[in-house]
Amino acid sequence: MKQKIPAHQLRLGMHIHEFCGSWMSHPFWRAKFTLNSADDLKKILDGGVTELWIDTDKGNGVEDLSTSTAVAVAVASAAAAAVAAVELPAPEPELSQSVAQPSHEAALGQAAALCRRSLPKIAALFGEARLGKAVDTAACGTLVDEISDSVLQNPGALISIARLKRRDEYTFMHSVAVCALMLALGRQLGLQGEELKQAGLAGLLHDLGKALIPLEILNKPAKLTEAELTVMRGHAMRGFELLSEGGAVGALVLDVCLHHHEKMDGSGYPEGLPGDQISLIAKMGAVCDVYDAVTSARPYKDGWDPGEAVLKMAQWKGHFDPHVFRAFATAIGIYPIGSLVRLSSGRLAVVLSHNPAALMSPAVKVFFSIKSDMWIDPYVLDLARQGCPDKIVASEAPSDWSFRGLEQLWGAPPARASV
């Protein structure tokens with residue numbers, strides 16, 4: 001039987017019947033063959049193939065999960081290698097000082113409370129900007145300090161909670177999330193003091209230009225037309241102009257506001273800058289903005305799983321600075337909190353915390369047996385523990401499963417739904 005599948009579901013043992021698209025879009029002279037090589041799989045994914053046909057009479061189908069382990073390991077390892085390709089600077093001494101850490105549950109609860117306090121403040125900020133009022137930098141600075149304290153105590157908690165934003169609060173909570181991400185990434189890159197605070201403020205204000213975008217475009221519950229996209233892309237320049245006129249923020253904030261959509265290969269906007277003309281702070285803004293955007297639910301799409309997002313972003317060519325992206329993945333984890341992962345034992349788990357010294361081995365909560373197709377009593381497993389027999393073999397898309405309440409498994413407070 002012929003079956004059309006997205007490329008990310010391709011596994012060892014499947015018989016490829018036909019690649020979708022032109023023959024020039026894939027790296028093989030032949031179109032029909034059984035996939036037995038992890039290297040061939042990587043070539044297919046790196047070559048930009050998005051869909052293909054398989055023949056389940058001649059090879060495995062999507063449901064044959066047991067055949068996918070070797071391939072999944074290869075893909076995850078390749079993405080991890082891409083993340084690890086660039087060395088990071090050693091952290092400054094003050095960054096390695098011990099900080100009292102709240103419990104996992106307490107950190108998530110505190111993060112949810114901070115999100116609730118932040119939302120009306122950010123909404124008011126955008127509302128005032130829409131009316132032409134100057135930005136209240138004192139209020140913004142206080143909020144950045146609160147977010148910074150949360151990130152210092154537990155980098156993953158606020159980032160994970162803010163990702164669960166409701167669709168009607170996207171623009172405002174996106175600002176909080178990008179602020180938290182910029183602070184976590186900045187610390188990883190060795191930023192300190194006022195420079196680090198400016199990075200957080202840049203994350204908070206990077207999308208302020210959206211306050212000047214017509215609401216029917218900003219809140220449209222469907223994909224934008226090309227004309228609407230042109231208007232939307234104008235938010236970077238409009239935000240830059242708005243903040244410049246106010247004169248209340250520094251050059252770093254203005255830089256991120258204007259250039260957070262630039263790409264290393266020069267294909268970004270608004271100025272199409274090549275990588276060597278994009279500042280470090282703007283490169284940071286680009287990674288943080290995209291990560292929160294793709295992991296957040298929108299009216300026209302579901303958000304990607306956090307681990308799925310990091311692995312996909314690691315394989316994008318010409319988009320992000322490799323040094324900055326590797327620091328980002330080290331800061332939040334290749335499998336961030338809340339990621340759905342498949343283990344070599346044939347079980348599914350959600351990630352509770354990541355290990356900066358072993359990016360592929362976070363602490364997880366195991367809850368489902370693929371082999372038995374049934375829920376099991378959840379238990380916590382530290383994959384970095386010496387002698388641990390299990391390991392992650394793939395990031396799973398929650399949309400491929402019928403699970404509900406995964407957020408509660410990794411500890412998101414139910415009250416977050418009311419933010």
Hey, could you give me the OH/OG1 distance between Y269 and T230, rounded to the nearest 0.5 Å? 10.0 Å
When rounded to the nearest 0.5 angstrom, what distance separates CE in M374 from CZ in F367? 13.5 Å
Would you check if the side chain of T330 reaches a backbone N or O of R326 as a donor-acceptor pair within less than 3.5 Å? yes
Atom CZ of F126 and atom NZ of K210: how far apart are they, to the nearest 0.5 Å? 8.0 Å
Roughly how far apart are N154 CG and L158 CG, rounded to 0.5 Å? 9.5 Å
When rounded to the nearest 0.5 angstrom, what distance separates CG in D265 from NE2 in H319? 8.5 Å
Under a 4.5 Å cut-off applied to non-hydrogen side-chain atoms, are I332 and L185 in contact? no
Indicate the atoms forming the closest heavy-atom contact of A157 with A107, along with that distance. CB-O, 3.7 Å
Dump the intermediate steps for side chain to side chain contact (heavy atoms under 4.5 Å, CB included) on L215 and R130, then the final yes or no. CA-CA 11 Å; L215 291 177; R130 189 177 293 278; 3.2 Å; yes
Has the side chain of D390 got a donor or acceptor atom that lies under 3.5 Å from a matching backbone atom of S345? yes
For H260 and D207, run side chain to side chain contact (heavy atoms under 4.5 Å, CB included): C-alpha distance rounded to whole Å, both residues' side-chain angles, the deciding distance at 0.1 Å, then the answer. CA-CA 9 Å; H260 64 277; D207 266 349; 3.3 Å; yes
Determine whether H259 and S279 make a side-chain contact, defined as any pair of heavy atoms from C-beta on separated by less than 4.5 Å. no
Starting from the C-alpha separation in whole Å, work towards a yes-or-no answer on side chain to side chain contact (heavy atoms under 4.5 Å, CB included) for I5 and M14. CA-CA 11 Å; I5 64 169; M14 289 183 174; 3.9 Å; yes
What closest approach, in Å, do L352 and W410 show between heavy atoms, and which atom pair accounts for it? CD2-CA, 3.7 Å
Between D305 and T295, what is the shortest heavy-atom contact and its length? O-CG2, 4.4 Å
Please step through ring-ring contact (aromatic ring centres under 6.0 Å, His included) for the pair F320 and F328, ending with a clear verdict. CA-CA 11 Å; F320 307 114; F328 178 80; 8.3 Å; no
At their closest point, which heavy atom of L52 faces which heavy atom of A7, and how far apart are they? CD2-CA, 3.8 Å
Among side-chain atoms of D292 and H174, is any donor-acceptor pair under 3.5 angstrom? yes
All heavy atoms of L359 vs all of Y335, minimum pair found to be O-CD1, 4.1 Å
Less than 4.5 Å apart, any side-chain heavy atom of R187 and any of L152? yes
Could you go through the side chain to side chain contact (heavy atoms under 4.5 Å, CB included) check for I334 and M360 one step at a time? CA-CA 7 Å; I334 284 184; M360 300 292 287; 4.0 Å; yes
Taking the side chain as every heavy atom from C-beta outward, state whether L189 and K283 have any pair of such atoms under 4.5 Å apart. no
Determine whether L119 and M173 make a side-chain contact, defined as any pair of heavy atoms from C-beta on separated by less than 4.5 Å. yes
Keeping the roles fixed (side chain from S361, backbone from A384), state whether a donor-acceptor pair exists under 3.5 Å. no
Got a list of side-chain donor-acceptor pairs under 3.5 Å for residues 177-184, not counting sequence neighbours?
none

For the atom pair CD (E18) and CG (D55), what is the distance rounded to the nearest 0.5 Å? 11.5 Å
When every non-hydrogen atom of E195 is compared with those of L252, the smallest separation belongs to CG-CD1, 4.2 Å
Check whether any side-chain N or O of T142 sits under 3.5 Å from a backbone N or O of A138 as a donor-acceptor pair, and report yes or no. yes
4.5 Å side-chain heavy-atom contact, R347 and Y379: yes
Answer yes or no: is there a side-chain heavy-atom contact under 4.5 Å between I54 and H15? no
Is there a side-chain contact between H17 and Q3 (heavy atoms, below 4.5 Å)? no
Is the backbone N or O of L273 less than 3.5 Å from a side-chain atom of E262, with the two atoms forming a donor-acceptor pair by type? yes
